[in-house]
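What you are looking at is a predicted structure, and each value in this text was computed from that prediction instead of being measured. Indexing begins at 1, ligand by ligand and atom by atom, following the structure's order.
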Amino acid sequence: MQGTDARAVLDDIYAAFARRGHDAYGEGVNQLDHALQCAAFAERDGAPDALVAATLLHDIGHMLHDLPDDVADQGIDTQHESTGSAWLSQYFGLAVTEPVRMHVAAKRYLAAVEPGYFDKLSEASKLSLRIQGGPMSPEQARAFETEQFFEDAVRLRRWDEEGKIVGYQGPALSHFERCILNSYSRISDDS
Ligand code: FE
Ligand code: FE
């Protein structure tokens, strides 16, 4: 049972990247390279398995729909953080799904509280920030800081900014299978 489900999560993740991993992420990097780079940096910085898995999968919401990859250019917010975290909740607990759900909010947070953060964002991120509601208000930022996975979401966000290096290939997807399986926590054993 456990083995079958664990294989299913890997199959579904591989299928999502196979379908849309070669879509442009922006600035010369595709979705798969972005995911692998971000996860490699999370691993480099000693993140626990669940946070490495969250980082690898944070943009999976972009790969679950059939919208064109330049929808942001058309002013459309696909809410990929919500669709992604909802999809991941089939397989993972909050340590994975919450940082994913919060990774856009973390950008809005950092743009509000950290001087210079906005200016360092890539052009694609600046555009999407505008569509996603812009920097948080001081009240929103304070509320965000009280969320349980606030710190993980901010850490994920920093790897997200870093993982846009043209020509740098992270490890293969298979390298992260262990993190995925160690984070997999479907509550099905007593059913
Ligand atoms: Fe994203
Ligand atoms: Fe991203």
- Could you tell me whether F149 and F144 have their ring centroids closer than 6.0 angstrom?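 No, the ring of F149 stays outside the 6.0 Å limit from the ring of F144, centre to centre.
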- Message: If you consider just the N/O/S atoms, which atom of D59 is the closest one to the Fe ion (ligand 1)?
- Response: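 So the atom name we want here is OD1.
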- Is the Fe ion (ligand 1) less than 2.8 Å from an N/O/S atom of H62, whether that atom is in the backbone or a side chain?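 Checking H62: none of its N, O or S atoms is under 2.8 Å.
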- Task: Specify whether an N/O/S atom of H58 falls short of 2.8 Å from the Fe ion (ligand 1).
- Result: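 Here the distance criterion (N, O or S atom, under 2.8 Å) is not met by H58, so no.
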- How many degrees, to 10°, between H80 NE2 and H103 NE2 as seen from the Fe ion (ligand 1)?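 With the Fe ion (ligand 1) as the vertex, NE2 (H80) and NE2 (H103) sit 90° apart.
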- Message: Test side chain to side chain contact (heavy atoms under 4.5 Å, CB included) on H80 and M63; report intermediate values, then the result.
- Response: CA-CA 9 Å; H80 71 285; M63 285 167 265; over 6 Å; no
- Spatial distance of atom CZ (R19) from atom CG (L64) [nearest 0.5 Å]: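 Reported value, rounded in 0.5 Å steps: 7.5 Å.
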- Query: Is the backbone N or O of V100 less than 3.5 Å from a side-chain atom of H103, with the two atoms forming a donor-acceptor pair by type?
  - Reply: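 Yes; judged by distance alone, with no hydrogens or angles, the pair exists.
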- Task: Measure from the Fe ion (ligand 2) to every N/O/S atom of D160 and report the name of the nearest one.
- Result: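 Nearest N/O/S atom of D160: OD1.
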- Cation-pi check, K126 to F118: give yes when NZ or CZ is under 6.0 Å from the six-membered ring centre and within 45° of the ring axis, no otherwise.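 Yes, a cation-pi geometry.
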